[in-house]
Amino acid sequence: MTSAAPAKPTALITGASRGLGAAIARELAPTHDLLLGARSADSLRGILAELPAAQGWPVELTDYAALAEAVAPIRSLDVLVHNAGIADLGTIAGSTVEQWRNTLEANLIAVAELTRLLLPALRAGNGHVVLINSGAGLRANPGWASYAASKFGLRAFGDALRQEEPELRVTSIHPGRIDTDMQREIIAGEGREYRAEDFLTPETVAYTVRSAIDTPRDAHPTEVVLRPY
């Protein structure tokens, strides 16, 4: 008689349809059962075709009634990777209330609410929360005020969560600029030539996420800072 294989841990990754989120999904797929989040089922078709064992988790993270409904079936969760976010850049003088509100809503408030809703499942799984932050969460530069404010806030949220929920591990990862479609849009907006070799690869940041998750339980990886070499 052969014994059944042990169940894989479960990881929920937001913003998993492309870019860094998809790279994190590929990195964790061999060792985890995956819930892949995105705004729509259509946007997940590509990554789910590539990773057919994964399960789609389409929900608009700022629709809090829909979010609560989507979270309800999750009873235990080992890993929560907060990767979804927006980068609506511009000067303070040229900013609007709507820009500030949308940025803080997507990058901070939705993260806090999803984490709050999942706390019972994370506690049941002795879980690990990974916050994909940014270099902008450590230092604000001109033209990045609202984005940096959301990421500074995200760092503070992680610090508070780590202290309030001592049985969970909470890791803030602060990568520099990453070679993604979002980065191409940012560079175009800055009027500069795009050079992929100037940036971190999504695979490198995904490897760092996996390394934090794989760190033995006698250590707590609290912050990781990555810069292009």
Side-chain angles (χ1 to χ4, degrees), residues 8-88 101-118 121-122 125 127-134 147 150-151 154 157 171 173 175 177-186 200-210 213:
K8 291 181 179 179
T10 300
L12 169 58
I13 305 165
T14 68
S17 63
R18 61 182 182 139
L20 177 57
I24 295 170
R26 295 183 191 103
E27 186 68 44
L28 297 186
T31 53
H32 289 72
D33 289 327
L34 298 180
L35 295 172
L36 302 184
R39 288 178 175 173
S40 69
D42 283 346
S43 65
L44 286 166
R45 292 186 189 278
I47 190 65
L48 290 176
E50 184 180 342
L51 303 174
Q55 179 179 340
W57 196 73
V59 62
E60 172 54 67
L61 297 176
T62 58
D63 181 343
Y64 299 120
L67 188 64
E69 184 177 347
V71 162
I74 304 174
R75 300 301 181 189
S76 181
L77 187 64
D78 300 276
V79 177
L80 171 60
V81 181
H82 286 289
N83 171 70
I86 64 172
D88 188 0
R101 182 178 290 123
N102 290 344
T103 301
L104 291 167
E105 189 86 41
N107 294 354
L108 179 58
I109 297 171
V111 170
E113 179 62 0
L114 177 56
T115 306
R116 185 189 71 82
L117 290 169
L118 283 171
L122 287 162
H128 192 156
V129 179
V130 179
L131 303 167
I132 303 299
N133 202 296
S134 168
Y147 181 77
S150 72
K151 293 300 188 178
L154 186 63
F157 171 76
T171 302
I173 295 183
R177 294 193 176 199
I178 307 169
D179 177 23
T180 61
D181 291 341
M182 179 184 290
Q183 194 63 239
R184 290 181 182 275
E185 294 170 6
I186 291 170
L200 296 164
T201 69
E203 291 74 23
T204 293
V205 182
Y207 174 82
T208 303
V209 171
R210 194 200 71 192
I213 293 168

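Treat the numbers as computed from the prediction; the structure is a model and nothing was measured.
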Check whether any side-chain heavy atom of [X] sits under 4.5 Å from a side-chain heavy atom of [Y], and report yes or no.
X: Val71; Y: Trp57; value: yes
X: Arg184; Y: Asp179; value: yes
X: Thr10; Y: Ile74; value: no
X: Pro9; Y: Val79; value: no

For the residue pair [X] and [Y], what are the closest heavy atoms and their distance?
X: Asn83; Y: Gly15; result: ND2-O, 2.9 Å
X: Ala25; Y: Leu36; result: CB-CD2, 3.7 Å
X: Ala29; Y: Lys8; result: O-NZ, 3.8 Å
X: Ala41; Y: Pro58; result: N-CB, 3.5 Å

Atom pair [atom1] ([X]) and [atom2] ([Y]), whose distance is rounded to the nearest 0.5 Å:
X: Leu61; Y: His82; atom1: CG; atom2: NE2; result: 9.0 Å
X: Thr14; Y: Leu35; atom1: OG1; atom2: CG; result: 11.5 Å
X: Leu12; Y: His32; atom1: CG; atom2: NE2; result: 12.0 Å
X: Leu20; Y: Glu203; atom1: CG; atom2: CD; result: 9.0 Å
X: Leu122; Y: Leu77; atom1: CG; atom2: CG; result: 5.0 Å
X: Leu154; Y: Ile109; atom1: CG; atom2: CD1; result: 12.0 Å

- Show the numbers, then the answer: is there a side-chain contact (heavy atoms from CB on, under 4.5 Å) between Thr115 and Val111? CA-CA 6 Å; Thr115 306; Val111 170; 4.2 Å; yes
- Steps toward side-chain contact (heavy atoms from CB on, under 4.5 Å) verdict (Leu80, Leu114): CA-CA 10 Å; Leu80 171 60; Leu114 177 56; 4.3 Å; yes
- Message: I'd like to know whether Ile132 forms a side-chain contact (heavy atoms from CB on, under 4.5 Å) with Val209, so could you lay out the CA-CA distance, the side-chain angles of the two residues, the decisive distance to 0.1 Å, and finally the verdict.
- Response: CA-CA 9 Å; Ile132 303 299; Val209 171; 3.8 Å; yes
- Task: Report the residues that fulfil salt bridge (Lys or Arg N to Asp or Glu O under 4.0 Å) with Arg116, sequence neighbours left out, ordered by chain and then residue number.
- Result: Glu113
- Residues that Arg210 engages under salt bridge (Lys or Arg N to Asp or Glu O under 4.0 Å), provided they are two or more places apart: Glu27, Asp214
- Who passes side-chain contact (heavy atoms from CB on, under 4.5 Å) against Gln183, sequence neighbours left out? Arg177, Thr180, Ile186, Ile187, Tyr194, Phe199
- Residues passing the side-chain contact (heavy atoms from CB on, under 4.5 Å) test with Thr103, sequence neighbours excluded, are Ile86, Asp88, Gln99, Asn107, Ser146, Ser150
- Task: Return each pair, listed once, that meets side chain to side chain donor-acceptor pair (under 3.5 Å) where at least one residue sits in residues 41-50; pairs must be two or more places apart or across chains.
- Result: Arg26-Glu50, Ser40-Ser43, Asp42-Arg45
- Task: Sort and list the pairs that fulfil side chain to side chain donor-acceptor pair (under 3.5 Å) and have at least one residue in residues 64-79, not counting sequence neighbours.
- Result: Tyr64-Glu105
